[in-house]
Amino acid sequence: MEQLKFSYPARQTLSRRVHVGVVGSGDLEVLMEPSPDGQAHVSVTTSVAGFAAVWQHVLDRFFSRFDGAAAIEINDAGATPGVVLLRLEQAAEALRE
Amino acid sequence: MSAAPGAAARSGAGERWFEALTGQAGLRPAGPRSVRVADAPLGGERARFIAVVPDGGNRFPRARCGEVGLDEAWALAREVRRVMAEDLDQPRRALIALVDVTSQAYGRREELLGIHLAGAAAADAYASARLAGHPVIALLIGKAMSGAFLTHGYQANRILALDSPEVQVHAMSKESAARVTRRSVEALEELGERIVPMAYDVRSFARLGLVHRLIEGVNAATPAATDVERVRGELLAAVTDARGAARDLSSRLTSAAAAQLRRASIEVRRRLTEQWDAR
Amino acid sequence: MSARTRQSFSELSARERARALLDPGTFRELLGPFERLKSPWLPLQDIVAQADDGVVVARGTLDRESAVAAAIEGAYQGGSIGEVSGAKIAGALELALRDCERGRPVRPLLLLETGGVRLQEANLGLAAIAEIHAAIIALRRHVPVVGVIAGLVGCFGGMSLAAALCSHLIITRQARLGMNGPEVIEQEAGIAELDATDGTDIWSLMGGEQRYATGLADALVEDDVAAIAVAVRNAFRSATAPRSEQVEEFGRRLAAIDAQAPPSPAQLRTLWARARRP
């Protein structure tokens, strides 16, 4: 098990919090709520260690389109980068609802 | 699990303690031979003692080593409800469940014929007796495992246990759990040393706050007369304690030990209570 | 007659199932993921803890009557019961009981998708299941306790006793209900006893249709949200003696079985036919 942290600049404040996903095999859950300091922070707990660079890459891609000041908690049970991105985008979509 | 001679000797605790505490074999004419039932004095009262013991001649082959199978579970339900019916207009007798049960019975007949319902019926009977004011005391004298314990003993007002290596509590036998989780038995035992709820031994179990009294210095396998008298005294004390207290299982959350190792169980309930009604 | 698209219930997450069954707009989750009341034990074993520990508790109404739903997430750790997930179910039932005793009935609904005790929390999971049993038995005096087993994981282990304690049990064809999982039986008793890969055999023993046909479940429903929602509401309106109290009847049935030559699943349907259930 590995814990990773990332931060990104942000512009938009969040008006609510959202939760998507399940920590099933090959899946993950995403908790997204307003960040306290105007920046975006991501805390990842993953069952598969050694993939910090991959997480960085996936999150870079997500934040290239997402500018919310979100505190994001990810609990991951070995999802592929594609599934991670999907869940993050589901969460972003849920914010817009 | 085969009925090897060693296994039979080890699992004789149920019969031994039943006979020591009641002076009877407790066989019912209608059977099954694996369920022993007898009234015996406890202090100034009569108490109904119930044990599940191995029966190598059980008509169900998968229930011949002390497992709680179909016949056992339905018999427990029947016997407990019989006591309830007999005592409707009488003082409510205490029910003493002597627990040495290796597991529920694993088999296709058992599943086909609804062993899950049989187990539920026994748990239902014990809980209903408790709610009706019968003190239900579980005395762990050997194994108290998974579905068998849920069926016979875990609905008690008070759980007493002998502080003895024979007494083990868990959700699955070490060998089965090792196979299911694909670990060695040694690895599981190491986990149990780090993670208290995963341990098998009774002292670790007692740390979880579920045990009312851990009775030390008693020989579980070959009790002397003094051991039996001590245990009888503890049973009576537990019965008295239960009679004066709530009829639910709340004492399992209010013990000092529970405050340590069932913190999350307590916190969950606290927050649920807080959030129960919409503001 | 309107054309309506079937919506699979079993494909929904636990949260979505609870929301779908409670009256529209009444779902209010208690102790949700943002409370972060997670398993204290899983991280010690390098297992990622889910924020709600795999159980969703939600207040709401059913046919405008106050209700609470506890839904187990089968996709997380096989829906297994740990300290927190077990406490959420037991605690919700205990609060429903408290309200019933105060003259404010609450309808309890259990969505069961579980393999039983979470071995990584063993004795705390088992203890929680005993508390769940106790709460169901106490609650049944006031209000029907309704359980739904919809499929994928099914309902096994100590929670199969909880299912059998329910006043009403609703099951789908694809669901299974049994005390021991097929894999464990094969492991303990050998492949001649049960081949865990033989799906036809397994469903014939413990599948929803078999359980319904032998009187061990009360309603057999399509895997469809609307159908299950209707079945749940019907369940709260009926009043039958809980099967776990029918000791005489089942004692007779068991006594009539020849253990050396037990009936086939099909024969059992005839012996225990629904029409004969008191």
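Small disclaimer: the values here were computed from a predicted structure and weren't measured. Lettering follows sequence order; numbering is per chain, from 1.
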Under 6.0 Å from the CZ atom of B:Arg59, do we count more than 12 heavy atoms belonging to anything else shown?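 Atom CZ in B:Arg59 is crowded, with more than 12 foreign heavy atoms closer than 6.0 Å.
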
Measure the shortest side-chain to side-chain distance between [X] and [Y] over non-hydrogen atoms and say whether it is less than 4.5 angstrom.
X: C:Val84; Y: B:Glu267; result: no
X: C:Gln187; Y: B:Ser176; result: yes
X: B:Met172; Y: C:Val184; result: yes
X: B:Trp276; Y: C:Arg98; result: yes
X: C:Glu83; Y: B:Pro197; result: no
X: B:Met198; Y: C:Glu121; result: no

Portion of [X] that has a non-hydrogen atom of chain C nearer than 4.5 angstrom:
X: B:Arg247; value: neither
X: B:Ala118; value: neither
X: B:Thr181; value: side chain
X: B:Leu113; value: both
X: B:Asp277; value: both
X: B:Ile266; value: neither

Between [options], which residue shows the highest count of heavy-atom pairs closer than 4.5 Å to chain B?
options: C:Glu248, C:Glu186, C:Arg118, C:Glu245; value: C:Glu245
options: C:Ile129, C:Asp99, C:Leu194; value: C:Asp99
options: C:Ala127, C:Gly91, C:Ala128, C:Gly178; value: C:Ala127
options: C:Leu254, C:Ile185, C:Val68; value: C:Leu254
options: C:Lys88, C:Glu183, C:His133, C:Arg28; value: C:Arg28
options: C:Lys38, C:Gln210, C:Arg141, C:Met206; value: C:Arg141

I'd like to check the ring pair (Phe, Tyr, Trp, His ring centres under 6.0 Å) partners of B:Tyr200; sequence neighbours left out, ordered by chain and number. B:His170

Shorter than 4.5 Å, heavy atoms on both sides: which option in [options] has the most such pairs with chain C?
options: B:Leu261, B:Leu188, B:Leu253; value: B:Leu261
options: B:Ser146, B:Ala177, B:Ser204; value: B:Ser146
options: B:Val196, B:Ile195, B:Leu249; value: B:Ile195
options: B:Leu210, B:Leu191, B:Val180; value: B:Val180
options: B:Phe205, B:Trp74, B:Tyr126; value: B:Trp74

Carboxylate-amine/guanidinium contact [X] [Y], below 4.0 Å:
X: C:Glu188; Y: B:Arg179; answer: yes
X: B:Arg269; Y: C:Glu131; answer: yes
X: C:Asp201; Y: B:Arg108; answer: yes

With rounding to the nearest 0.5 angstrom, report the [atom1] to [atom2] distance, [X] to [Y].
X: B:Leu272; Y: C:Leu31; atom1: CG; atom2: CG; result: 4.5 Å
X: B:Leu70; Y: C:Phe250; atom1: CG; atom2: CZ; result: 11.5 Å
X: B:Asp248; Y: C:Ile137; atom1: CG; atom2: CD1; result: 13.0 Å

Side-chain donor-acceptor pair present, B:Gln275, C:Glu35, cut-off under 3.5 Å: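 The criterion, which ignores hydrogens and geometry beyond distance, is satisfied for C:Glu35 and B:Gln275.
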
Using only non-hydrogen atoms and a strict under-4.5 angstrom cutoff, which residues of residues 75-82 of chain B touch chain C?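 B:Ala77, B:Arg78, B:Arg81, listed by number.
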
Within residues 147-155 of chain B, residues adjacent to chain C where the heavy-atom gap is under 4.5 Å: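 Within residues 147-155 of chain B, the residues under 4.5 Å from chain C are B:Gly147, B:Phe149, B:Leu150, B:Thr151, B:Tyr154, B:Gln155.
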
Under 4.5 Å to a heavy atom of chain B? For C:Ile257 that would be both

With a 4.5 angstrom heavy-atom cut-off, could you sort out which part of C:Pro40 is near chain B: side chain, backbone, both or neither? side chain

Are the side chain of C:Asn123 and the backbone N or O of B:Ala199 linked by a donor-acceptor pair below 3.5 Å? yes

Would B:Asp124 and C:Arg140 count as a side-chain contact (heavy atoms from CB on, under 4.5 Å) if you check the C-alpha gap in whole Å, the side-chain angles of each, and the deciding distance to 0.1 Å? CA-CA 11 Å; B:Asp124 188 337; C:Arg140 258 176 14 201; 2.7 Å; yes

Dump the intermediate steps for side-chain contact (heavy atoms from CB on, under 4.5 Å) on B:His116 and C:Leu216, then the final yes or no. CA-CA 10 Å; B:His116 70 285; C:Leu216 299 181; 4.1 Å; yes

Pull out the residues in residues 49-59 of chain C that come under 4.5 Å of chain B, heavy atom to heavy atom, sorted by number.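 Answer by number: C:Val57, C:Arg59.
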
